[in-house]
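What you see is a predicted model, and the numbers here were worked out from it, not measured in a lab.
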Amino acid sequence: MTTVSKFPAPPASKYSLTDYTLGEGILWTVETIRLGRWASLGCKLVRREATSYDRIFFLSEEELREVVQIYRNWWENYSKALELLKGGKLTFRNLEALSYLAVGPLENSNYRWW
């Protein structure tokens, strides 16, 4: 994966943002736009059980690829749910599609933003 030496941090962040993968930075930007606020102050994906901003909790290249797939799957399902809602085609059979409008991409994963 492509790495970048620096990444712009939120103004309130106390973390030094160096050695980021380009994909991680783009996902953080997407998540920030989706939420309408900073996705995190550390701009780093970590394993859900992380207790500190420590490299041992940062994701491997394989885990980052998994997160990319999680976001892709979420976006596909979110888009379908939005179309059903906009088109007035929401029924009890596809009501579960609404959950994608309320649940974030990482909600049921092993990862989170730090």
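Ring-plane geometry between Tyr78 and Trp75 is classed as parallel, the angle between the planes falling under 30 degrees on a 0 to 90 degree scale with a further cut at 60.
Contact record, Cys43 with Ser40: N-OG, 3.0 Å, taken as the closest heavy-atom pair. Listed here is the closest heavy atom pair of Pro105 and Ile70: O-CG2, 3.2 Å. In terms of heavy-atom proximity, Ala50 sits nearest to Val46 at CB-CG2, 3.7 Å.
By the rule that hydrophobic residues join a cluster once side-chain heavy atoms approach within less than 4.5 Å of another member, Trp114 and Ile56 end up as members of one cluster. Cluster membership check: Leu22 shares its hydrophobic cluster with Leu59, using side-chain heavy-atom separations under 4.5 Å among Ile, Leu, Val, Met, Phe, Trp and Tyr.
The side-chain heavy atoms of Phe57 and Thr51, taken from C-beta on, include a pair separated by under 4.5 Å.
Counting only distance, with no hydrogens or angles, the side chain of Arg112 and the backbone of Arg48 share a donor-acceptor pair below 3.5 Å. Arg47 places no side-chain N or O within donor-acceptor distance of the main-chain N or O of Tyr111, the cut-off being under 3.5 Å.
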Show the numbers, then the answer: is there a side-chain contact (heavy atoms from CB on, under 4.5 Å) between Trp28 and Leu45? CA-CA 8 Å; Trp28 181 85; Leu45 281 160; over 6 Å; no
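Of the candidates Glu61, Glu62, Gln69, Arg65 forms a side chain to side chain contact (heavy atoms under 4.5 Å, CB included) with just one, namely Glu61.
Under a 4.0 Å N-O distance rule, the pair Arg72/Glu76 does not qualify as a salt bridge. Salt bridge Glu31/Arg34: present, at least one basic N to carboxylate O contact under 4.0 Å.
Distance CD1/Ile26 to OG1/Thr2: 9.0 Å, rounded to 0.5 Å. Taken from CG in Leu82 to CG in Asn77, the straight-line distance is 12.5 Å, to the nearest 0.5 Å.
A cation-pi arrangement is present between Lys44 and Phe58 under the rule of less than 6.0 angstrom and at most 45 degrees off the ring axis.
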